[in-house]
Every structure is written in structure tokens, then in C-alpha cells.
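Encoded as C-alpha cells, the structure appears first; notes follow it.
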Amino acid sequence: MGDLRGMTIAINAGDNGHVLDFYTRVFGRGPDTAPMDDFLEWQICPGTWLQVSTGHDRPGANNARIRFEVADLGAALARMEEAQVPIGEVVGVADVVAFANFSDNWGNALGFYQLLSARSFTTEQERDEQEAEQAARKAAREEAEQAAAAPAGPVDERAAKLPPIPTDGSVPGVTGPTL
């Protein structure tokens, strides 16, 4: 298959902001492309991309799909038909990509894709904005963690000066038997 040009590894994940934060920390930079609001891509090495589809209720294990980039999706589909390998319908994202999925005999999710236009890479300014948003989310998360961990102090400063309430039924400040 000398016409392979690249590969994508597609996974499903949860909340877009959390996904962006996590993978930005993993790779040390924001996504290289974000062709849709719920889809982030990082180029791992030339021709190899991690694609993360966000907003899924049940993300996790066993949802990865590996797709191989081809110059001509139609030719790849014809080759699959000739090889008697069942393949799904072609799905297109207008002016971005067309792809079709299939599985191997063991249930591994695979596919082919063809780029319909050049990838639009994230600019330095966009990456700086992503990093600023990430820093703000991190600061908010740390502030919330600190607030949750801080001991609850008295609401009224005067309450801090009162003796503790006994747990044995006695009256604070009174010695001897009570009525």
C-alpha cells in the first residue's frame, strides 16, 4: 500500500475544556488544529495525528480508531471492495475531510481518510490564548481546591473568643452541679 500518506488515531473524551487542559499538559502545547468545536487534533510526529472528539458521556477504553490517510479515498474503497473487506459509508466534513470506517477480523476499528483541503494549523496567537485559558482554569481549580481544604473558621470573630461547647452536658463557665 504505497499510497498511504499518514495516520490518525481517534479517541472519544469528555468535556472539551478538560480535554484541552489535559492534552495541552501532556504535549506541552495546545492542539495543532481544531476543525470543529468538539474536535481537537495534535500532530504527534509528521503524518501522525491524535484526534480527540469531545463531549462524550461515556468516553474511555476500547473506543480508539486508527485511520490511514490516502491520496484517493475512492481508490482505497475500490481496493477494499476487491479484497472483499466490508467498509462503511463515506462521511464527509465539507471542505475538510472524507473518511470511511471498517474493522479487522478481531474488531479493531480502522478506516481511511482523504484530506479535502490543507490542514489549518493553530497560530501562535491562538496557542497563546489557549495557554492563557488553560492557566486561568488551573488557577481557578487550585483556588477551589484551597477553599475546599481550608478549615471553616468562625463567621463572627466574637464566636472565636467563646469557650468551646462541652459535650458532657455541663454549662460553660459554671462550676459545680447545675439544676
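Just so it is clear, the values below take in all heavy atoms, side chains as well, and ignore hydrogens, waters and symmetry mates. One-based numbering along the sequence shown.
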Start with the C-alpha gap between E129 and Q125, add the side-chain angles, then the distance that decides, and say whether side chain to side chain donor-acceptor pair (under 3.5 Å) holds. CA-CA 6 Å; E129 290 170 1; Q125 179 181 351; 3.3 Å; yes
Report yes if some heavy atom in the side chain of L20 is under 4.5 Å from a heavy atom in the side chain of R137; otherwise report no. yes
Atom pair CG/CG of N101 and L110 - distance to nearest 0.5 Å: 9.0 Å
To the nearest 0.5 Å, tell me how far L77 CG sits from D72 CG. 8.5 Å
Would you kindly confirm whether L4 and L116 end up in one hydrophobic cluster when ILVMFWY residues are joined by side chain heavy atoms under 4.5 Å apart? no
Check whether more than 12 heavy atoms from other residues, nucleotides or ligands sit under 6.0 Å from atom CD of E143, and answer yes or no. no
Let me confirm one number: the CZ-CD distance from F99 to E69, rounded to the nearest 0.5 Å. 14.0 Å
Would you confirm whether D32, through its side chain, and Q43, through its main-chain N or O, come within 3.5 Å as a donor-acceptor pair? yes
Are D38 and T54 side-chain neighbours, meaning at least one heavy-atom pair lies under 4.5 Å? yes
Kindly give the heavy-atom pair with the smallest separation between A98 and V90, and that separation in Å. CB-CG1, 4.2 Å
Minimum heavy-atom distance V19-A13, with the two atoms named: CG2-CB, 3.4 Å
Are the side chain of R5 and the backbone of V70 linked by a donor-acceptor contact shorter than 3.5 Å? no
For T33, what residues pass the side chain to side chain contact (heavy atoms under 4.5 Å, CB included) criterion, not counting sequence neighbours? P35, E41, W49, R119
Which atom pair, heavy atoms only, marks the closest approach of A100 to G88? CB-O, 3.8 Å
Strictly distance-based, threshold 3.5 Å: is any side-chain N or O of N16 a donor or acceptor partner for the main-chain N or O of D37? yes
Would you say that D21 contacts R141 through its side chain, given a criterion of any heavy-atom pair below 4.5 Å between the two side chains? yes
With sequence neighbours excluded, what pairs up with Y23 under the ring-ring contact (aromatic ring centres under 6.0 Å, His included) test? W42
P31 and Q130: which non-hydrogen atoms are nearest, and at how many Å? CD-OE1, 3.2 Å
Evaluate the side-chain proximity of V85 to R79: yes if any heavy-atom separation is below 4.5 Å, no if none is. no
CD/E81: more than 12 non-hydrogen atoms of other groups inside 6.0 Å: no
If you measure from CE on M7 to CD on Q51, what distance do you get to the nearest 0.5 Å? 11.0 Å
Passing candidate, side-chain contact (heavy atoms from CB on, under 4.5 Å) with Y113, options V91, L73, V93, V97: V97
